[in-house]
Amino acid sequence: MDYKQTLNLPKTPFPMKANLVKKEPEILERWEEMGLYEIIRQTSEGRKRYMLHDGPPYANGHIHMGTAFNKILKDIILKSRQMAGFDAPYVPGWDCHGLPIEHRVDQELGPRKLEMSQAEIRRYCREYAEKYIEIQRNEFKRLGVLGEWENPYLTMNFPYEATIIREFGKFALNGSLMRSKKPIYWCISCKTALAEAEVEYEEHSSTSIFVKFPMISDLGRAYGTLKGKEVFIVIWTTTPWTLPANLAIALHPDLEYVAVETENNQVMILAKGLLDVCMDTFGIKSYEILERLKPADLENLKARHPLYDRPSVIVLAPYVTLEAGTGCVHTAPGHGREDYETGVEYGIDVYSPVDDSGRFTNDVEYFAGLEVFAANRAINDKLTEVGALLKEEEITHEYPHCWRCKNPVIFRSTEQWFISMEKNNLRQNALDAINRVSWIPSWGQERIYNMIASRPDWCVSRQRAWGVPITVFFCKECDQLIISQEIVDHIAGMVEKLGADIWFTESEEDLLPPATSCPNCGSGRFRKETDILDVWFDSGVSFAAVMENREYLDSPSDLYLEGSDQHRGWFHSSLLCSVGTRNEAPYKNVLTHGFVVDGAGKAMHKSAGNVIAPDELIRNYGAEILRLWVAGEDYRNNIRLSKEILQRLTEAYRRMRNTCRYLLGNLNDFDPETDRVPYRQMEELDRWALNRLQELNQRVLGAYDNFNFHLVYHNLHNFCVLDLSSFYLDIIKDRLYTSPQKSVARRSAQTAINEILEVLVRLMAPILSFTSDEIWQYMKRAEQAPSVHADLFVPVNDTHKDPELLRRWEGIIEIRGEVTKALELARREKTIGHSLDASVTLGLSSELMEMLSAYRDQLRSIFIVSSVDMIEIDRLEDGLESDTISGLKVKVSPSIDPKCERCWVHDPTIGEDNTHPTVCKRCLKVLNEIIT
RNA sequence: GGAGGGUUGGGCGAGCGGUUGAAGCCGACCGACUUAUAAUCGGAUGUACGUGUCGCACCACCUACCGAGGGUUCAAAUCCCUCACCCUCCGCCA
């Protein structure tokens with residue numbers, strides 16, 4: 001007789017091989033067809049809401065590991081909050097406006113762009129954004145991320161644009177908005193502002209000049225030898241044309257300067273470290289150092305501009321070097337970034353007397369109307385004429401050029417719009433708001449706090465096409481700024497219906513409410529602003545456009561979750577937008593994660609060749625492995641990604657999958673409705689398993705709660721491997737297989753593993769979203785949610801908590817460890833093969849004897865051997881003395897009994913029955929039950 | 001240059017003054033089983049230096065090693081300092 005047929009072996013159609021790459025798309029399709037996200041929304045209606053607000057990725061290019069990581073992390077949080085009993089909707093968003101798209105469109109359009117209207121260019125940009133939104137949407141969905149993908153928020157949607165205009169209007173109307181100057185890159189042939197990305201550095205030949213500025217302030221008081229002398233401070237520049245805009249001279253605070261007397265009794269001030277080389281350049285042979293000067297003594301003293309009758313103030317700046325020049329840096333706050341910052345620090349005007357086409361304006365004496373590069377010659381001539389030019393020489397250096405027309409660009413200050421950090425106490429209010437938010441990890445607070453504390457006013461205007469216009473007007477007559485609540489509402493209303501393009505296509509008269517007149521001069525003729533808004537303002541108001549606007553969402557959000565770079569980005573701009581208009585942060589908690597780096601901890605760069613694309617991993621491993629990676633790594637630090645890491649995860653995945661498969665296989669004939677055994681009647685080992693399950697459940701739920709997903713993963717994996725696979729399941733195998741199908745012994749174990757699977761499949765779901773749902777479909781219940789994701793976590797069951805029981809078993813497990821060690825030794829010596837070939841004798845101290853006596857009958861199955869004898873330790877002659885447990889000796893010997901053909905246990909009762917002579921008494925009993 | 005964070009054994013990660021050479025899991029290694037079978041179970045598993053009468057193998061012991069170096073302490077992976085390396089931010093980049 002083939003006794004194998006009489007065993008209850010596991011049986012399940014659930015495939016061992018995951019085949020994720022093929023199966024994931026099928027599961028996604030199923031979710032799509034059934035409308036899983038909508039089902040979840042319906043089932044959780046009315047629950048307490050959990051609001052995670054999505055930071056919008058930029059709608060440009062394919063997703064990368066960083067964006068994939070971020071989206072999966074969000075998905076894990078949302079799914080876990082959802083299953084913890086919240087209503088956690090997810091509205092993904094995209095940032096659509098901005099330079100990168102405009103720049104790409106520029107490149108695609110080429111020269112055609114010059115003939116196109118702004119509205120036409122904007123149409124191309126919109127199409128470009130739409131294209132990549134579609135691409136990224138599919139890539140995100142492929143990761144198993146659930147959300148309102150068909151109704152995301154886009155910063156270029158008309159209602160969103162209207163919100164931007166309304167929110168900006170609040171700043172304009174509350175007095176925070178100011179107009180002020182700031183230098184930017186400017187191409188004088190394209191007559192346009194350029195971004196750093198649009199500037200190319202090329203070799204360029206320039207005339208560099210050394211120029212003397214006579215000191216106005218008397219140095220004689222601090223340095224007596226200089227009394228009554230004609231003192232000059234000497235500067236060097238490679239851009240003579242910026243000299244008319246000179247307002248200051250910068251010295252390094254820590255460098256040493258000298259006053260040097262030359263042959264014609266003139267005294268020059270320059271850095272000591274450059275003295276010799278300068279004198280050599282000037283051709284001055286004999287000179288004498290009169291004084292060593294401390295820069296601090298010179299600060300705020302005045303020199304006179306060599307061409308104009310105005311002072312040039314001496315300032316201190318850390319960027320001054322001794323690499324070239326004189327150590328005294330010509331400073332024109334209107335024509336250089338560092339100059340500008342120094343100017344702001346010292347309260348110096350931002351003077352930039354150059355127009356759009358690069359010509360000096362009329363208030364520049366001698367050079368008005370001259371194009372700046374052409375003016376270099378004239379300026380040098382004039383300097384020579386007044387005797388200020390010490391030396392002129394040609395140098396070649398790297399100079400910025402326009403990416404499109406290849407001409408050199410200039411740095412020029414223009415009127416810009418700023419949101420003041422001080423006027424309405426925005427800085428302090430923002431700092432206060434920061435302290436009311438919980439930042440995870442906690443150092444995020446300090447980081448953003450310092451940024452807000454030291455940041456300059458927010459420049460919100462851009463001279464660009466692809467963005468939301470700054471919707472203010474000026475009176476054509478008196479240049480009065482025209483803005484009012486009525487105008488904001490009027491325009492926002494139009495934009496809401498027709499989009500922000502109307503700003504560019506419609507005339508002022510059509511954009512303004514009828515009969516608008518200038519409050520200053522009464523004029524009815526207006527000019528609209530042509531600048532657009534910084535796109536950080538776009539995404540910064542997403543809390544208003546999305547969370548406040550959709551009735552199923554709330555603001556402030558419970559959570560913003562982005563990479564740590566967003567302390568400067570979205571967290572920052574959102575904070576300012578929200579505090580400036582509502583005086584509170586738009587979020588209660590901010591969670592940040594690190595960056596994805598390669599296996600060696602290096603950043604991923606195309607040039608380094610270490611970039612891994614999500615798509616590549618999905619094709620080779622499946623999105624599920626990516627999800628496991630996201631969960632398994634501690635996201636607070638940099639997140640490493642390598643082939644080896646994925647390999648490890650794939651193996652861990654297989655283990656968990658297979659454990660679940662085994663559970664499914666053994667539940668094949670189990671109907672929890674009718675077959676469940678009450679807890680009190682279950683075997684103690686099964687109750688042990690349920691106890692451990694409660695511990696796991698509690699720990700994992702807590703880990704989800706605290707965003708400790710790597711603990712979720714490690715706990716789940718350890719439970720599958722340690723508690724289940726190598727211990728519990730291994731032991732109950734015998735009971736499950738050989739006991740009568742419907743026996744209490746078997747049903748007891750099945751009750752336990754059924755409960756285990758119910759808990760496990762849910763705990764896994766936020767991370768292993770595909771596999772858990774696949775398992776879900778194989779679980780047989782009278783009533784069940786259509787997907788695990790529409791269900792809830794199983795609450796911790798306190799009635800299954802029995803610490804006393806767990807403690808007892810800790811001891812048994814420890815002893816079991818010693819037994820398996822002894823078995824392995826016997827195996828080495830070839831005395832046994834399978835552990836069931838062995839008979840074990842335990843030599844026990846009286847304490848251990850007492851502890852184990854209640855388990856006398858269970859020990860052979862717990863150890864998975866054929867028999868266990870327990871005797872006093874002193875009576876056991878040989879055997880392995882445990883070095884971890886005192887009072888324990890283990891002796892292993894091959895069983896002398898024959899092996900039962902059915903259950904493989906060696907037993908003396910085999911052969912007692914004639915019909916089944918190769919079977920033990922225990923199996924015989926079962927057979928008789930089955931056969932009748 | 002400024003601001004913020006990090007560096008634990010081949011991998012993931014515990015640990016955050018003593019019980020830690022450092023949990024647990026994985027891997028690589030050896031073995032068992034063929035009743036979870038492209039699965040499952042068990043065991044052992046850091047490196048270097050020195051000592052154990054010569055060399056080799058093995059074993060036992062000692063010491064050192066948690067980026068490097070110093071310090072505090074009876075005691076440090078854990079606290080302090082210095083340095084190195086890595087990551088993020090400081091753009092009309094998002």
Side-chain angles (χ1 to χ4, degrees), chain A residues 3-4 7-10 12 16-17 55-60 95 98-103 182 184-185 192-199 318-319 337 416 441 443-444 446-448 450-451 454-455 459 461-464 467 531-532 534-536 539 563-570 572 592 594-595 597 599-603 629 632-634 636-640 642 644-649 651-652 654-655 658-659 661-663 665-666 710-711 713-715 717-718 720-722 725-726 729-730 733-734 736-738 820-821 823-825 827-828 832-837 864 902-904:
Chain A
Y3 292 114
K4 191 173 169 180
L7 296 171
N8 311 298
L9 295 180
T12 175
M16 176 184 287
K17 200 158 178 255
Y58 197 64
N60 183 198
D95 205 357
L99 179 87
I101 287 176
E102 186 177 337
H103 191 54
K182 190 187 170 184
I184 55 169
Y185 283 115
T192 177
L194 295 173
E196 183 82 28
E198 296 176 317
V199 164
Y319 51 81
R337 169 149 295 139
Q416 300 292 342
W443 50 258
E446 196 185 344
R447 190 168 180 199
I448 193 166
N450 289 342
M451 282 179 184
S454 62
R455 68 155 296 151
C459 177
S461 52
R462 301 288 125 102
Q463 289 72 50
R464 282 283 155 187
D531 288 357
I532 61 163
D534 177 10
V535 287
W536 280 115
S539 56
S564 59
D565 55 336
Q566 297 302 326
H567 287 113
R568 190 55 176 186
W570 190 53
H572 192 113
T592 49
F595 277 69
V597 295
K602 293 273 177 68
W629 166 69
E633 299 258 330
D634 187 348
R636 280 161 268 249
N637 304 133
N638 283 165
I639 308 122
R640 293 193 184 210
S642 68
E644 179 173 8
I645 290 170
L646 290 168
Q647 204 54 49
R648 291 296 91 82
L649 289 166
E651 270 146 31
R654 272 208 290 266
R655 196 50 174 285
N658 214 244
T659 302
R661 177 171 183 266
Y662 188 66
L663 297 179
N666 284 105
H710 64 289
L711 296 184
Y713 158 70
H714 284 290
N715 274 298
H717 185 241
N718 278 358
C720 285
V721 171
L722 291 178
S725 197
S726 75
L729 295 180
D730 208 25
K733 223 176 260 183
D734 174 76
L736 285 168
Y737 295 177
T738 64
T820 50
K821 241 178 250 175
L823 287 171
E824 183 63 21
L825 235 54
R827 205 173 280 129
R828 282 276 142 92
I832 58 162
H834 193 110
S835 63
L836 279 176
D837 297 341
I864 319 184
R902 184 168 178 272
C903 72
W904 294 354

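Labels below follow one simple rule: chain letters A, B, ... track the order of the sequence lines, proteins then strands, and each chain is numbered from 1. Keep in mind it's a predicted model, so treat the numbers as computed, not measured.
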Going by the rule salt bridge (Lys or Arg N to Asp or Glu O under 4.0 Å), which residues pair with A:Arg648 if we only count those two or more places apart in sequence or in a different chain? A:Glu644, A:Glu651

At under 4.0 Å between heavy atoms, what does A:Arg568 touch on the DNA or RNA strands: base, sugar-phosphate, or nothing? sugar-phosphate

Ranking B:G6, B:U88, B:C26 by distance to the side chain of A:Asn637, first place goes to B:G6

Of all the base pairs, Watson-Crick or G-U under 3.5 Å, which form stems of three or more consecutive pairs involving RNA chain B? B:1-7 with B:84-90, B:10-12 with B:24-26, B:29-32 with B:40-43, B:46-48 with B:63-65, B:50-52 with B:59-61, B:67-71 with B:79-83

Just to be sure I understand the rule, does A:Ile184 reach a base, reach only the sugar-phosphate, or reach nothing, if contact means heavy atoms closer than 4.0 Å? base

Contact class for A:Ala603 (heavy atom, under 4.0 Å): base, sugar-phosphate, or nothing? sugar-phosphate

To the nearest Å, give me how far apart CZ (A:Arg464) and P (B:G91) are. 17 Å

Pairing residues for A:Arg636 by the salt bridge (Lys or Arg N to Asp or Glu O under 4.0 Å) criterion, not counting sequence neighbours: A:Asp634

Name the one of A:Leu736, A:Thr659, A:Asn666 that satisfies side chain to side chain contact (heavy atoms under 4.5 Å, CB included) with A:Leu729? A:Thr659

Under the side chain to side chain donor-acceptor pair (under 3.5 Å) test, residues paired with A:Ser461 that sit two or more places apart: A:Gln416

Output a table of nitrogen or oxygen pairs between the protein and nucleotides 22-24 of chain B separated by less than 3.5 Å.
unit_1: B:G24; atom_1: O2'; unit_2: A:Asn718; atom_2: ND2; d: 2.9
unit_1: B:G24; atom_1: N2; unit_2: A:His714; atom_2: ND1; d: 3.4

Once side chain to side chain donor-acceptor pair (under 3.5 Å) is applied, do any residues pair with A:Asn658, and if so which ones, sequence neighbours excluded? none

Nearest heavy atom decides the nucleotide; on that basis, is A:Gln647 or A:Asp95 closer to the 5' end of RNA chain B? A:Gln647

With heavy atoms under 4.0 Å as the rule, sort A:Gly632 into base, sugar-phosphate or nothing. sugar-phosphate

Annotated protein contacts, base or backbone, on nucleotides 35-47 of chain B with a non-hydrogen cut-off under 4.0 Å, one of B, S, - each: BBS-SSSBSS---

Does A:Trp536 make a side-chain donor-acceptor contact with the base of B:A94, cut-off 3.5 Å? yes

Can you name the ring-ring contact (aromatic ring centres under 6.0 Å, His included) partners of A:His572, sequence neighbours left out? none

When we call it a touch if two heavy atoms are under 4.0 Å apart, what does A:Gly601 touch: a base, just sugar-phosphate, or nothing? sugar-phosphate

How far, in whole Å, is B:G4 from B:A22 if one measures between their P atoms? 37 Å

In chain order, what residues pass the salt bridge (Lys or Arg N to Asp or Glu O under 4.0 Å) check against A:Lys821, with sequence neighbours excluded? A:Glu818

Residues passing the ring-ring contact (aromatic ring centres under 6.0 Å, His included) test with A:Trp629, sequence neighbours excluded, are A:Phe69

Taking only residues two or more places apart in sequence or in another chain, which ones pass salt bridge (Lys or Arg N to Asp or Glu O under 4.0 Å) with A:Arg902? none

Has A:Asn450 got a side-chain N or O lying under 4.0 Å from the OP1 or OP2 atom of B:G4? yes

Could you work out, with ring-ring contact (aromatic ring centres under 6.0 Å, His included) as the rule, every residue matching A:Tyr185, not counting sequence neighbours? A:Phe411

